[in-house]
Visitor: 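What follows is a structure written as structure tokens; I'll ask about it next.
Each residue takes its place number in the sequence, starting with 1.
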Amino acid sequence: MKTRIRAPHEQAASMSGFSVGLVSPATYNQSTGRPNQGPSVLLMPLTWPSVTAFLNQGLEQDRYQYQIFDDITDRDLHSLAHLDAVMFTAYTGHIYRAFELARQLRALAPSRQRFILGGIHATSIVFETIRAYLYTQLGKNPEIAAQLPDPTESRVVPLHRLLHRFGQYLGEGVQTEMLADPYAFFCKLGGREKIEELFANQPLPGQDYAREFFQLHEEFDVVFAGLLDGQAPSAESLQDCLIEAIESSQVPRKTILSLGFGKVDQVPRPNWKLCLGERSQKLFASPVSTAQSGRRTPSLSYETGRGCQHACDFCSVVNFFGPLAYKNTSLVYEDLRSAIVELGAYEFFFVDDNLNGSVKRFQQLCEALLPLRKEFPQFGWAAQLTFEHVAGHRDLMRLAAQAGMNSCYLGLEGVDTAAFEVVNKGHNTRDTVREGLRILKEEGIVAFCNVIMGLPTDDHNFPTAMLQGLKELDVPAIVPFTCSVLPGTALFNQLYASNDEDLREIMADGWKYNNSFDVVKGTRTLSKEQFLLVKREFVKRYSEYGRLLDISASYYKCLPWNVRLQDWIHWVGDFIQVVAFNQMVSDSLLREHHYMACGPHTIHPPTFFGLIRDSAWRRERGLGYLRAILLTLLTWLLPFIRGPVDKAARQNGIDLSWTRV
């Protein structure tokens with residue numbers, strides 16, 4: 001569904017007269033063989049607000065006239081064909097669709113149209129091709145080769161660190177030329193066939209990376225690899241390189257490369273105004289922000305820092321972002337306050353992969369946000385945390401709750417020690433997880449635990465073991481992913497070195513279903529076909545009403561008789577989150593076989609209120625049974641008051657679905 005994005009305050013004029021399409025390709029659904037209906041719209045994505053702000057170079061008006069596309073239809077393709085340039089951003093799971101759309105547009109668009117690809121997948125392919133060249137050249141010297149890190153070890157050394165340590169052995173001229181434009185450099189060496197031949201017979205998958213590296217440049221005029229936080233190796237800034245790619249009709253195919261990691265303070269402030277026009281109608285609205293601002297307003301993504309101190313085998317964060325790096329807390333405060341005052345956005349999601357990776361900095365951030373919470377009581381935020389710095393830090397979690405934190409996402413991955421250790425996540429232990437979840441529950445912060453299905457140790461007993469473990473640990477809600485393989489990670493290198501058949505098929509299929517939801521690889525004891533059946537059994541048992549009720553009842557809070565109606569959401573907010581999230585996840589898994597991949601999520605009122613009613617009957621005592629009776633009467637009345645309920649829900653940005661698919 002195409003969304004026309006107007007400039008701030010609805011002014012349509014752009015600074016340069018150029019029109020740019022911003023495309024976020026969908027993932028493919030293995031069960032249907034078709035693209036999903038657009039990416040997740042649970043919250044405002046960070047990519048386009050950041051990129052458009054980056055291109056503006058500080059201009060108050062937007063430099064270009066933008067159109068944002070999620071789900072691409074035939075009509076959208078023809079609309080895209082008339083734009084001056086089209087920019088794609090893609091994770092690994094989206095790259096197949098990006099290639100497909102680029103080929104279709106090539107057939108429709110005039111020759112002057114430019115195609116630009118960025119995102120973590122393109123970055124990883126470019127970086128790993130350079131890494132393969134580095135290993136190939138340095139490997140010719142046995143003395144230097146002995147110093148090179150083993151690429152199959154758990155902590156894959158980030159490319160910029162590798163170049164800093166060994167780049168001098170390549171020769172300054174060679175390194176400078178390679179980083180100025182890797183595509184031109186590899187073409188000068190002889191092109192695709194020569195590079196594949198050069199990368200043969202080494203433990204790194206250099207040949208496969210080189211093949212895709214050149215494929216990227218066959219479909220896209222410019223491949224942007226890196227982060228918007230540094231300067232290009234040449235005298236030109238990254239902004240100038242991208243602006244030239246958009247505005248010049250004679251741009252040669254090139255790679256724009258940035259290796260300036262860790263400079264998170266240099267990232268421009270997100271251009272939220274641009275993307276909060278009609279675009280916001282397609283996003284999952286935040287009830288608090290919508291009610292307070294008077295218009296449909298989603299949660300806004302914000303980056304306070306990046307990097308991680310760990311190196312889990314399946315994760316690419318440390319390979320690209322390196323160690324922890326943070327924005328100044330005063331800058332964070334100013335950005336968030338500006339969004340509240342100017343946009344009426346009160347809810348935020350901090351996209352940092354490990355917000356509490358540094359306990360000291362996390363405390364500083366919470367202290368900086370306390371005045372904001374005091375000034376705007378409706379201000380709230382969610383973040384990604386690590387269990388090791390939640391357990392044993394009750395006072396810090398209480399401070400976070402006071403500063404507005406109402407939920408968090410944690411990497412649980414599995415429920416036993418073997419699952420933790422097999423992916424190099426030994427810092428998670430059952431005791432640490434159990435204590436962390438208990439602290440969060442007592443402080444009123446909902447913990448959404450990322451769970452990976454299909455880890456090497458998973459077998460036929462996975463559904464029983466996982467459900468039992470979730471119950472023993474008192475996990476309130478899970479974010480279910482399926483084990484995928486990301487280029488440039490230790491897991492990828494390990495599977496490649498062992499000549500894993502599933503990995504070969506994943507790459508040969510163009511990463512089509514490698515999207516963290518579909519089953520693309522087996523485990524140590526199960527083929528991927530066998531594990532697919534195991535996963536379906538888990539989804540079926542996970543979604544049973546009785547199991548959902550057990551979790552909901554565990555978080556039920558009895559309302560005091562004297563509580564004001566307008567305060568009830570603050571009193572039972574965590575309970576409502578648990579009920580709604582579990583119901584949405586189970587419905588999405590049952591209907592679409594995916595989570596967070598198929599468009600807006602909805603609440604099914606009969607199930608939602610039924611869980612609240614039955615939780616009350618389990619937990620209420622004495623006079624509290626009157627509340628359970630009132631809730632029962634409410635569920636009986638629902639069919640007769642659907643109109644007012646729908647209207648109230650829409651006013652608060654909530655989507656309701658009265659029938660199941």
Side-chain angles (χ1 to χ4, degrees), residues 3-15 20-24 39-70 87 89 118 227-229 239 264-306 327-352 368-369 372 375-376 378-383 404 600 653:
T3 304
R4 183 72 173 206
I5 304 302
R6 295 188 175 90
H9 308 299
E10 301 302 312
Q11 55 189 14
S14 63
M15 296 295 292
V20 180
L22 307 176
V23 177
S24 302
S40 167
V41 289
L42 278 176
L43 69 159
M44 169 68 73
L46 189 62
T47 301
W48 299 131
S50 296
V51 169
T52 53
F54 184 75
L55 289 170
N56 275 352
Q57 296 181 302
L59 299 174
E60 291 186 3
Q61 290 180 299
D62 295 306
R63 185 179 188 91
Y64 303 114
Q65 188 170 357
Y66 297 103
Q67 293 187 50
I68 295 182
F69 295 80
D70 287 333
M87 302 182 73
T89 182
L227 306 168
L228 302 179
D229 61 0
Q239 290 98 330
V264 68
D265 275 338
Q266 295 183 10
V267 177
R269 294 182 172 183
N271 188 10
W272 282 322
K273 280 187 178 180
L274 172 78
C275 296
L276 271 177
E278 295 175 13
R279 163 72 174 164
S280 64
Q281 298 301 314
K282 305 299 181 183
L283 295 163
F284 188 84
S286 299
V288 173
S289 293
T290 299
Q292 295 292 334
S293 66
R295 65 171 181 167
R296 190 179 180 91
T297 304
S299 295
L300 299 181
S301 299
Y302 186 77
E303 182 184 52
T304 82
R306 57 171 58 131
K327 284 183 182 178
N328 187 287
T329 54
S330 62
L331 178 60
V332 175
Y333 171 85
E334 292 171 7
D335 284 352
L336 299 185
R337 192 179 189 283
S338 176
I340 293 174
V341 173
E342 297 179 16
L343 304 174
Y346 295 91
E347 295 165 274
F348 300 84
F349 177 67
F350 296 149
V351 300
D352 309 38
L369 297 180
L372 203 57
E375 183 179 2
F376 304 100
Q378 59 272 54
F379 165 65
W381 49 277

Visitor: Considering the options Glu334, Glu303, Glu342, which one meets the salt bridge (Lys or Arg N to Asp or Glu O under 4.0 Å) requirement together with Arg269?
Guide: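 The single option meeting the salt bridge (Lys or Arg N to Asp or Glu O under 4.0 Å) with Arg269 is Glu334.
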Visitor: Within this structure, what is the OH-OG distance for the pair Tyr346 and Ser299, rounded to the nearest 0.5 Å?
Guide: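 Here the interatomic distance stands at 14.0 Å.
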Visitor: Just verifying a value: how many Å separate Phe348 CZ and Ile340 CD1, rounded to the nearest 0.5 Å?
Guide: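 Rounded to the nearest 0.5 Å, the CZ-CD1 separation comes to 5.0 Å.
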Visitor: Find the distance between CZ (Arg63) and OG1 (Thr52) and round it off to the nearest 0.5 Å.
Guide: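 That separation rounds to 13.0 Å.
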Visitor: Verify the distance criterion only: is there a donor paired with an acceptor across the side chains of Trp48 and Ser24 at less than 3.5 Å?
Guide: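 There is such a pair between these side chains.
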Visitor: Ignoring hydrogens, what is the shortest heavy-atom contact between Trp272 and Ala339? Give both atom names and the distance.
Guide: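 Heavy atoms only, the tightest pair is CZ3-CB, 3.4 Å.
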Visitor: side-chain contact (heavy atoms from CB on, under 4.5 Å) between Leu22 and Val51: does it pass, once the steps are laid out?
Guide: CA-CA 10 Å; Leu22 307 176; Val51 169; 5.6 Å; no
Visitor: Once you round to the nearest 0.5 Å, how far does NZ of Lys327 lie from CG of Asp352?
Guide: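 Going from the NZ atom of Lys327 to the CG atom of Asp352 covers 8.5 Å.
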Visitor: Where is the tightest heavy-atom contact between Pro270 and Leu46, given as atom of each residue plus distance?
Guide: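 Nearest heavy atoms, Pro270 then Leu46: CG-CD1, 4.2 Å.
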Visitor: Name the residue from Trp381, Phe379, Phe376 that meets the side-chain contact (heavy atoms from CB on, under 4.5 Å) definition with Leu336.
Guide: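 Per the side-chain contact (heavy atoms from CB on, under 4.5 Å) rule, the option paired with Leu336 is Phe379, out of Trp381, Phe379, Phe376.
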Visitor: Measuring only between side-chain heavy atoms, which start at C-beta, is Val20 closer than 4.5 Å to Leu55?
Guide: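 Not touching, per the 4.5 Å side-chain cut-off.
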